[in-house]
Amino acid sequence: MAFGCKSNEYTSLSDLLSRHPANRLENWQTQFQQRQGQWPQDFVQSGKGLPLEYARDMNLMDGYPPPRPARLAPWQLAEYRSSLLLALESKPELRNFLTRRVAGIYLVEDLGSSGLTGFIYDSEGVARAGFILLDIHRVELRASEMINLREKTLIKNAEELPADWGYRLQCNYDCDAPGSALNLLLFHESAHVASEVYRLLPSLLVSRKEYEASSASLPEPWNHYWSSPWETRPFGEVRPILQFYGDRPDSTSDKHQEGVRDSFKQGFPGTYSLLDVWEHMAEVTAYGMSDTVLVFSDGKGHSYSISVSDRPDYAAFLRDLQKRMGEDSGIGEVKP
């Protein structure tokens, strides 16, 4: 999740990103300079300091309780670090990107969502890096469990859904093992940082009003799916009910199933990718980098699937993104 709406102190997401101390490069630059291209020992840690303040303010914007630092023993943090290093063995470009462009991964409780991205801008408003917050109770799940928990926040009486309902991941390795949610969330949130740093999509510093008043247009392939960052090309009725992580779901399971079916048919990897163009890109990256097929079963004998890697437009985007990540030399470089 990359955004919010209102709070007493900040009037919009762009206002928060422009003024929050967690989003200022001067508060992070020394940390990046000390790395010398190496992943620091404390890269994965319990949420504290500026990242936790950022998450608290974002939760206030979205009407959620404030998150708390995850209570973890040193051996548990070492296990998370080892798990990430193992996951990145086959993704050297992502490891390079994390080392060069991500200040750290911060584990919290009660995040309000599964993951949250922070963005770090210089004094001229240019994105140089980011940081990632993850909910400790979500990263310990199977990837499909995390996705389905998120999805059920849309559906009335979700506890009555059959056991075989929901999303599953298929691949040629164990992509849905216990703890696999950590990898999927890492790919997703890293994509948000990359989008802002490499200017792959409109900057989050630009308000909706400013964007609509400009003559800007979305780049390929996203312009084929979106008329603006917030409006898809003609689509079904599912979009107005996409209120994830709320406590008042208003979709029926049948309406939700129609939305999933139609989203797959039009090339969207699930309903979460319909939120806006930034979430669409992050979901494409997550499933593409993990090389998985996303399958949805409605619990009534019907199933639908999509493989983003098999779609030429997504595959071209992923190749370009991974090339950028692999060649990235750090916060001093921003390629237009």
Side-chain angles (χ1 to χ4, degrees), residues 1-34 45-69 100-108 110-135 188-214 216 228-230 244-245 275-279 281-282 330-334 336:
M1 185 177 77
F3 60 94
C5 42
K6 288 184 179 179
S7 77
N8 292 330
E9 184 174 355
Y10 300 103
T11 59
S12 66
L13 171 64
S14 57
D15 179 46
L16 183 147
L17 295 179
S18 297
R19 298 196 292 117
H20 201 285
N23 304 116
R24 307 275 60 79
L25 180 59
E26 61 264 27
N27 295 325
W28 296 98
Q29 194 151 13
T30 300
Q31 179 176 325
F32 279 100
Q33 290 170 344
Q34 291 172 344
Q45 60 179 281
S46 180
K48 60 184 178 182
L50 288 176
L52 187 62
E53 291 177 20
Y54 174 82
R56 286 172 174 165
D57 286 331
M58 290 293 285
N59 272 20
L60 178 61
M61 292 173 75
D62 288 329
Y64 300 132
R68 296 169 287 115
R100 305 285 187 178
R101 296 288 189 172
V102 175
I105 296 174
Y106 300 90
L107 302 173
V108 300
D110 298 327
L111 182 58
S113 62
S114 299
L116 177 65
T117 309
F119 304 94
I120 300 172
Y121 301 92
D122 65 17
S123 59
E124 297 180 356
V126 175
R128 299 291 182 174
F131 54 91
I132 295 170
L133 295 110
L134 300 176
D135 190 292
H188 178 105
E189 303 302 333
S190 296
H192 283 312
V193 178
S195 173
E196 199 73 354
V197 166
Y198 300 143
R199 304 177 222 175
L200 303 177
L201 292 170
S203 173
L204 293 167
L205 288 178
V206 178
S207 70
R208 184 166 183 164
K209 183 177 180 180
E210 290 170 332
Y211 180 87
E212 291 174 347
S214 72
S228 82
W230 306 273
F244 289 94
Y245 299 111
L275 278 172
D276 56 48
V277 71
W278 296 279
E279 296 299 348
M281 189 272 282
I331 62 173
E333 173 191 326
V334 177

Quiz item: Does the side chain of Ile132 reach to within under 4.5 Å of the side chain of Ser190, using non-hydrogen atoms?
Solution: yes
Self-check item: Approximate separation, where rounding is to 0.5 Å, of Ser114 OG and Leu133 CG
Solution: 12.5 Å
Quiz prompt | For the student: nearest non-hydrogen atoms of Leu111 and Asp135, plus distance | solution = N-OD2, 3.0 Å
Quiz item: Is there side-chain contact between Leu60 and Tyr10, with at least one heavy-atom pair below 4.5 Å?
Solution: no
Practice problem: To the nearest 0.5 Å, tell me how far Leu116 CG sits from Met58 CE. | Solution: 5.0 Å
Quiz item: Nearest heavy-atom pair of Asn23 and Leu16: which atoms, and what distance?
Solution: OD1-O, 3.6 Å
Quiz prompt | Exam field: side chain Arg24 to backbone Ser18, donor-acceptor pair closer than 3.5 Å | solution = yes
Quiz item: Can you find a heavy atom in the side chain of Arg128 that is under 4.5 Å from one in the side chain of Tyr121?
Solution: no
Practice problem: Quick one: pull up CD in Gln33 and CD1 in Ile331 and give me the separation to the nearest 0.5 Å. | Solution: 6.5 Å
Self-check item: Gap between atom CZ of Phe119 and atom OG of Ser195 - 0.5 Å precision
Solution: 7.5 Å
Quiz prompt | Heavy-atom closest pair, residues Ile120 and Ala22 | solution = CG1-O, 4.1 Å
Practice problem: Nearest 0.5 Å please: distance from the CE atom of Met61 over to the OG atom of Ser12. | Solution: 6.5 Å
Quiz item: Would you call the rings of His188 and His192 parallel, tilted or perpendicular if under 30° counts as parallel and over 60° as perpendicular?
Solution: perpendicular
Practice problem: Specify the closest pair of heavy atoms between Pro202 and Tyr211, including all atoms of both residues, with the distance to one decimal. | Solution: CG-CE1, 3.7 Å
Practice problem: Measure the shortest side-chain to side-chain distance between Thr117 and Tyr54 over non-hydrogen atoms and say whether it is less than 4.5 angstrom. | Solution: no
Exercise. Mind listing the closest non-hydrogen atom pair of Asp110 and Asn59 along with its distance?
Key: O-ND2, 3.5 Å
Practice problem: Would you name the heavy atoms of Gly47 and Leu52 that are closest together and state the gap between them? | Solution: O-CD2, 3.9 Å
Quiz prompt | Approximate separation, where rounding is to 0.5 Å, of Glu210 CD and Ser203 OG | solution = 10.0 Å
Quiz item: Do Gln31 side-chain atoms and Trp28 backbone N/O form a donor-acceptor pair below 3.5 Å?
Solution: no
Quiz item: What pairs with Tyr106 under ring-ring contact (aromatic ring centres under 6.0 Å, His included), at least two apart in sequence or on another chain?
Solution: none
